[in-house]
Each structure stands twice: as structure tokens, then as C-alpha cells.
Amino acid sequence: MQQEQVIGIDVGGTAIKLGRFQPDGTCLQCLTVATPQPSTPEAVLEVIIDAIAQVDPYNQAVAIGVGTPGPADKTGRIAQIAINLPKWQNVPLADWLEAKTGKPTVIANDANCAGLAEAWLGAGRYFDNLILLTLGTGVGGAIILNGKLFVGHQGAAGELGLITLHPDGPICKSGNWGSLEQYASITAIRCRTGKEPWELGALAAEGDIKALTFWQEYGRDLGIGLASLIYVLTPQAVILGGGISASFQFFFPALQKEIEQRVMATSRAGLQILPAQLGNSAGMVGAAKLVISQSILDFRF
């Protein structure tokens with residue numbers, strides 16, 4: 001009997017990634033298309049519909065999962081907000097896609113999708129309890145407890161990058177002051193150094209003292225933020241993804257030292273801090289897993 005297939009979609013500010021997957025995570029076909037500019041909900045929907053036709057030309061997929069850059073409601077139907085996409089306020093994206101494709105659809109925050117992906121097929125696959133931080137343009141997060149994604153009672157839990165790091169620090173788009181995102185994101189690094197993270201990584205690899213010092217300071221800030229999260233959740237693993245994680249080797253020693261100094265041994269027993277493994281594909285892989293794991297959808301997986 002042929003396995004039923006699903007489509008996983010990762011909506012980003014610059015690119016939209018799609019894949020058609022089997023239930024075991026095998027990707028049968030994938031595609032990356034540019035996000036339309038301006039990226040209004042209607043424009044993004046049109047591009048997604050066209051891309052679905054390309055990635056699933058014979059209409060084999062039975063359902064769709066979508067990761068969006070912001071929280072979804074607790075039902076997985078509405079994209080409540082996407083800070084970096086214009087006019088994304090309470091967009092009924094699942095309804096729209098179902099009307100266009102006839103396929104059951106569920107949506108979630110893109111960081112939650114990345115967390116599901118890493119827990120399923122990536123660095124977190126050996127752990128039942130973990131947290132993921134996506135260190136990118138912003139800092140997103142996901143919480144996996146007892147093998148399941150934790151989203152809280154309204155669906156918006158896991159905004160780990162918005163915890164307070166320094167109470168008198170820069171204002172955040174969330175309304176918070178001095179959030180972890182204001183120190184650990186690509187945007188923060190650009191403001192602080194005038195360079196891209198990849199440039200600082202390349203300089204550090206060449207032994208540049210200023211770059212190495214920056215990564216030590218970065219690791220310290222990230223370790224301070226993680227200490228609070230570890231005390232609350234006591235995960236088995238912390239997975240670090242996003243573009244900045246490419247420099248993991250340079251900031252990890254300072255991060256680890258900070259956690260060892262700040263977190264009691266009983267709260268970090270056996271803790272592993274690991275770089276993510278799935279890279280840019282994590283969002284669409286996790287969106288596919290989102291569909292596969294939805295018990296409300298009557299699939300025979």
C-alpha cells in the first residue's frame with residue numbers, strides 16, 4: 001500500500017520552503033521560492049498555492065503543515081502576528097489553504113516547527129525533554145516536554161528569545177526591554193559590531209582576537225539567558241539552531257562556563273548543549289511533522 005504523504009511549508013521573510021514528505025520523514029521533493037515583496041498575506045498565499053502545485057504535481061499529499069514567523073492560535077488555524085511580514089494580523093491561513101487545495105491544514109510558529117524537526121530527525125531525537133533556540137534575525141524558541149511540543153493554554157508558549165536578559169537594555173518589538181533577542185540575534189550582532197555573524201565566524205577561524213573576544217562575550221550573554229530557562233524546564237538537551245549556530249565552536253566554551261557557574265548541578269544533571277543538525281530545512285520538516293502528529297486529523301499514519 002502506498003504511504004500517504006504530507007506537505008510541509010516554512011514561510012520566511014525572504015524565502016518560502018516547501019517539501020513533500022512520507023510519514024517517516026523522507027523528503028520526496030522540495031522547493032524554495034522567493035517570498036513576494038511586499039509579503040502581504042494574500043501575496044504569500046498566491047505564491048504558496050503555485051509552489052504546492054510544483055512540489056506535488058500529481059496531487060498525492062493528503063494534508064498541509066505550515067510554519068509562520070510568529071505565534072499561531074491554539075487551534076492551529078490562525079497566524080496571529082508575523083512581526084517581519086506586513087499586514088499579518090489574525091490571518092486565517094489554514095482556512096485559506098484548505099479552500100484553495102481541499103487539503104486539511106494546520107499551522108504553527110516556525111520555531112516550534114524547527115523544534116519538532118530537531119526532536120524528530122535531528123540533534124534532539126534521543127531526548128524526550130529539550131528546548132530549541134533559533135539564533136537568527138530574531139531569537140525564537142521551542143519547548144518539547146515528554147516528547148510533545150508545549151505551546152501553553154493559548155498556543156503562544158515558547159517565545160524563549162523574549163525573556164528579560166538585562167532589564168535596562170534596548171527595547172524589543174515585543175514591548176520588553178533588554179530581551180535575550182536584543183543581545184543574541186543577527187540584528188543585535190550587526191548593531192553591536194557592524195559585521196555579519198558569518199564574517200565574525202570567519203575572522204575567529206583565522207584567530208582574530210577581536211572576533212574571538214566577541215564570541216566569548218556572546219556566549220556569556222547566551223549562557224545567562226539559558227540559565228533561567230534551564231532552571232525552569234531542566235531539559236535533557238538545549239539545541240541551538242539558526243544562522244549564528246554556525247559559530248557554535250567559538251561561543252560554546254563561554255556559554256558552558258556561564259551555565260556551570262549559574263545553574264546548580266541538580267538542575268543541569270546530564271544536560272547536553274548541541275548545535276542543530278537540520279539547517280535551513282528544519283522549518284519545513286517540522287511543519288510536516290506537525291501534520292503527522294495531529295491526532296485531530298484522520299490520517300492512517
Side-chain angles (χ1 to χ4, degrees), residues 10-13 67-72 79-85 88 108-119 123-124 130-145 149-152 154-192 196-197 215 217-233 235 237-248 251-252 254-255 258-259 262-263 273-276 280 282-283 286:
D10 178 23
V11 178
T68 62
Q80 295 179 312
I81 189 171
I83 293 175
N84 296 313
L85 299 179
W88 280 70
N109 175 279
D110 56 358
N112 282 344
C113 288
L116 279 172
E118 290 291 340
L130 62 93
I131 60 177
L132 169 94
L133 283 182
T134 56
L135 306 171
T137 304
V139 175
I143 302 168
I144 306 292
L145 297 179
L149 179 67
F150 176 75
V151 297
Q154 292 293 334
E159 294 287 354
L160 306 183
L162 303 184
I163 66 169
T164 301
L165 184 64
H166 297 297
D168 298 321
I171 191 168
C172 176
K173 289 181 179 179
S174 67
N176 192 11
W177 293 83
S179 65
L180 178 60
E181 183 169 284
Q182 299 306 302
Y183 295 86
S185 66
I186 290 175
T187 304
I189 290 175
R190 288 171 180 159
C191 290
R192 182 173 172 181
E196 297 293 328
W215 287 119
E217 295 169 351
Y218 180 89
R220 179 176 181 272
D221 284 339
L222 189 56
I224 293 171
L226 282 172
S228 296
L229 299 173
I230 292 166
Y231 269 126
V232 173
L233 297 167
V238 174
I239 312 297
L240 301 177
I244 297 173
S245 66
S247 292
F248 181 88
F251 64 74
F252 172 69
L255 183 158
E258 204 65 33
I259 289 174
R262 291 177 178 271
V263 181
I273 302 173
L274 303 167
N280 289 332

The criterion is salt bridge (charged side-chain N to carboxylate O under 4.0 Å, His left out); which residues satisfy it with Arg192, sequence neighbours excluded? Glu217, Asp221
Do the side chains of Pro275 and Leu240 get nearer than 4.5 Å, heavy atoms only? no
Could you check if a side-chain atom of Ile143 sits within less than 4.5 angstrom of a side-chain atom of Leu229, using non-hydrogen atoms only? no
Considering only heavy atoms from C-beta outward, does the side chain of Asn112 approach that of Val151 to under 4.5 Å? yes
From CA spacing to verdict: side chain to side chain contact (heavy atoms under 4.5 Å, CB included), Cys172, Trp177: CA-CA 6 Å; Cys172 176; Trp177 293 83; over 6 Å; no
Are Thr164 and Ser179 packed together at the side-chain level, in the sense that at least one heavy-atom pair is separated by less than 4.5 angstrom? no
Side chain to side chain contact (heavy atoms under 4.5 Å, CB included) assessment of Ile131 paired with Ile144: CA-CA 6 Å; Ile131 60 177; Ile144 306 292; over 6 Å; no
With distance as the sole test, does Thr134 use its side chain to make a donor-acceptor pair with the main-chain N or O of Gly136 at under 3.5 Å? no
With heavy-atom distances below 4.5 Å as the criterion, would you say the side chains of Leu255 and Ile259 are in contact? yes
Nearest atoms (heavy-atom pairs only) where Ile244 meets Ile186: CD1-N, 3.5 Å
Whether Tyr218 side chain and Ala184 backbone form a donor-acceptor pair below 3.5 Å: yes
Any side-chain donor-acceptor pair under 3.5 Å between Thr68 and Asn109? no
Restricting to non-hydrogen atoms, name the atom on Ala276 and the atom on Gly241 that form the minimum distance, rounded to 0.1 Å. CB-CA, 3.7 Å
Please tell me if the side chains of Leu180 and Leu160 come closer than 4.5 Å, counting only heavy atoms from C-beta onward. no
For the side chain of Glu118 and the backbone of Ala123, is there at least one donor-acceptor N/O pair under 3.5 Å apart? yes
Give a yes or no answer on whether the side chain of Glu181 reaches the backbone of Val139 with a donor-acceptor pair at less than 3.5 Å. yes
Quick one: pull up OG in Ser245 and CG in Leu135 and give me the separation to the nearest 0.5 Å. 6.5 Å
Where is the tightest heavy-atom contact between Ala157 and Gly152, given as atom of each residue plus distance? CB-N, 3.5 Å
Taking all atoms of both residues into account, what is the closest heavy-atom pair of Arg262 and Tyr231, and its distance? O-OH, 2.7 Å
Euclidean distance, Lys173 NZ relative to Leu162 CG, rounded to 0.5 Å: 11.5 Å
Heavy-atom check, side chain of Pro69 versus side chain of Trp88, under 4.5 Å: no
How about Val238 and Leu274: do any of their side-chain heavy atoms sit closer than 4.5 Å? no
Check for a donor-acceptor pair, side chain of Ser185 on one end and backbone N or O of Gln182 on the other, with a separation under 3.5 Å. no
For Phe248, which residues count as a ring pair (Phe, Tyr, Trp, His ring centres under 6.0 Å) partner, sequence neighbours excluded? Phe251, Phe252
Sequence neighbours excluded, which residues qualify as side chain to side chain donor-acceptor pair (under 3.5 Å) partners of Thr187? none
For Leu165 and Gly225, which heavy atoms make the closest approach, and how far apart are they? CD1-N, 3.6 Å
Heavy-atom pair of closest approach, residues Gly12 and Leu85: O-CD2, 4.4 Å
